[in-house]
Amino acid sequence: MHYRCQNCGGNVLYDPNKKKMVCESCGSEESQVIIPQKSLHACGSCGAVIEAGDHTFSTRCPYCHTYLIFEDRLEERKPDLVLPFALSRQKAGDLLKATYNDQMFLPKDFCSVASIEAMEGIYVPFFMYDLKSHTSFDGEGDVIRTWTDGKYEYTETNIYHVRREFEIDYSRLPVDASLAMDNQQMDLMEPYQYDDMKDFDTAYLSGFISDTYDEDSETILPRAREKAENYSGQYLRDMTSKYQVLRPFNEVTDHQLEGVAYAFLPVWKYVYRFGGQNYEFFINGQTGKVSGEPPVDWRRGLIGTGALGLSVFLLLQFFFYFLGVL
Ligand SMILES: [Zn+2]
Ligand SMILES: [Zn+2]
């Protein structure tokens, strides 16, 4: 299916700035009608054959650029929740530019207008886990004090028996469920503000591409557990920070699964091609957090050094000129 404008026949897309459906051709708001897909692999607008992957939910027709949503697939793997895009392509591009603006020897066409226009907004499938975690710690902790009287240095070590027991309720701990997306990159996109989370609606997909999950909630549960364990471990270290040395005898964290929700979270993906290699950048589609490592253009560096060489040469010329005069 796709959303067609009743006024001009253009493609109606979800606008992150206006937070409503806007026709990309005439700018009409909420003027959409749903045009169903005639067959799975044909564009409902121009009829072209679409090469959609097995897990594709929404994509852009490469010929007429209409955003298509494969609603048949929604029946089986429909998300419960969606966090709508809050950043437009333009804003995401500006943030990307601002982030790397000061980097030395940044290639000249990094974030060029054409490459920003090709940037895609992606809804990444996530499972969000509610976990109740119980940690019990039993061990020894040292409090070390050193002082000097001018002649000798003294060290006093007090050893304490340390016991801690606590429970943490984790709510909506996100783990990405897409094999195509790098797990570490997706972890770097956190945190998201969940207050803006909405019940899923296909209208949010119009203008963005998405895949359904390819790892189920059972398969990736260990990653949620690991995250909870890291947070709980950090909490324990904060709680026991007065001990310079902590020796655990027994440390156990148990997790109880309280609930799981399937959600789409927004990410802008920018691919920059340089020196025959692709560099990927991700921007949190809600908060604007940026991740990625731009390449270094040494040619720009050499030109820069060349300019420096020239100015040193001119300075020397100037100097010798004065010497000559003297
Ligand atoms: Zn229109
Ligand atoms: Zn088309």
Side-chain angles (χ1 to χ4, degrees), residues 77 79-81 83 124-149 152-197 213-265 267 282 284 286-287 289-293:
R77 295 184 172 192
D80 306 309
L81 301 162
L83 186 62
V124 182
F126 276 78
F127 283 108
M128 306 179 98
Y129 299 87
D130 296 336
L131 294 175
K132 193 183 259 311
S133 299
H134 177 262
T135 301
S136 82
F137 177 91
D138 188 29
E140 243 174 23
D142 298 350
V143 176
I144 305 161
R145 194 164 70 93
T146 55
W147 69 95
T148 173
D149 63 1
Y152 295 105
E153 193 182 275
Y154 301 90
T155 302
E156 178 196 85
T157 305
N158 284 299
I159 302 171
Y160 297 88
H161 181 201
V162 181
R163 282 202 61 189
R164 293 288 183 276
E165 202 156 343
F166 58 91
E167 238 170 38
I168 301 180
D169 284 325
Y170 293 98
S171 166
R172 295 185 175 175
L173 208 60
V175 180
D176 90 84
S178 159
L179 286 174
M181 290 306 219
D182 182 71
N183 295 342
Q184 272 175 327
Q185 286 284 6
M186 288 307 103
D187 287 349
L188 283 174
M189 288 289 96
E190 287 178 46
Y192 288 89
Q193 313 299 327
Y194 296 139
D195 298 349
D196 299 329
M197 199 79 108
Y213 62 86
D214 33 27
E215 294 174 292
D216 63 20
S217 67
E218 198 70 27
T219 312
I220 60 173
L221 178 62
R223 275 169 53 211
R225 284 209 177 105
E226 197 186 311
K227 273 190 176 182
E229 208 147 305
N230 287 340
Y231 291 129
S232 295
Q234 185 58 49
Y235 184 71
L236 176 72
R237 282 192 294 283
D238 290 347
M239 236 191 328
T240 54
S241 60
K242 68 172 179 181
Y243 304 105
Q244 282 97 327
V245 180
L246 199 62
R247 285 178 296 278
F249 302 147
N250 193 22
E251 184 180 346
V252 188
T253 301
D254 294 316
H255 308 281
Q256 206 182 313
L257 183 63
E258 304 269 285
V260 57
Y262 173 31
F264 270 7
L265 301 185
V267 171
F282 296 93
N284 180 317
Q286 183 197 30
T287 65
K289 188 179 177 192
V290 173
S291 103
E293 195 73 49

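Worth saying up front: this structure is predicted, and the values here are computed from it rather than measured.
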Between [X] and [Y] (side chain of the first, backbone of the second, donor and acceptor by atom type, cut-off under 3.5 Å), is there such a pair?
| X | Y | result |
| --- | --- | --- |
| Asp142 | Ile144 | no |
| Lys289 | Glu190 | yes |
| Asp138 | Phe249 | no |

Kindly indicate whether the side chain of [X], heavy atoms from C-beta on, has any atom under 4.5 Å from the side chain of [Y].
| X | Y | result |
| --- | --- | --- |
| Arg247 | Ile159 | yes |
| Asp130 | Arg172 | yes |
| Gln244 | Val143 | yes |
| Arg145 | Tyr154 | no |
| Leu179 | Glu215 | yes |
| Leu236 | Phe166 | yes |
| Met239 | Phe137 | no |
| Met197 | Leu265 | yes |

For the residue pair Ala224 and Tyr129, what are the closest heavy atoms and their distance? CB-CD1, 3.4 Å
Of the non-hydrogen atoms in Val162 and Gly141, which two are nearest, and what is the gap between them? CG2-N, 3.6 Å
Relative to Tyr262, does Arg77 satisfy both conditions: NZ or CZ under 6.0 angstrom from the six-membered ring centre, and within 45 degrees of the ring's axis? no
Let me confirm one number: the [atom1]-[atom2] distance from [X] to [Y], rounded to the nearest 0.5 Å.
| X | Y | atom1 | atom2 | result |
| --- | --- | --- | --- | --- |
| Leu131 | Lys227 | CG | NZ | 11.0 Å |
| Met128 | Leu83 | CE | CG | 8.0 Å |
| Thr253 | Tyr235 | OG1 | OH | 13.0 Å |
| Trp147 | Thr155 | CH2 | OG1 | 7.5 Å |
| Asp196 | Gln286 | CG | CD | 5.0 Å |
| Lys132 | Ile168 | NZ | CD1 | 11.0 Å |

Kindly check if the number of other-residue, nucleotide or ligand heavy atoms within 6.0 Å of CD (Glu218) is above 12? no
Using a 6.0 Å cut-off, check whether atom CD of Glu293 has over 12 heavy atoms from anything other than its own residue. no
Can you classify the ring geometry of Tyr192 versus Phe126 as parallel (below 30°), tilted (30 to 60°) or perpendicular (above 60°)? perpendicular
Side-chain H-bond candidate by donor/acceptor type, Gln256 with Asp254, under 3.5 Å: no
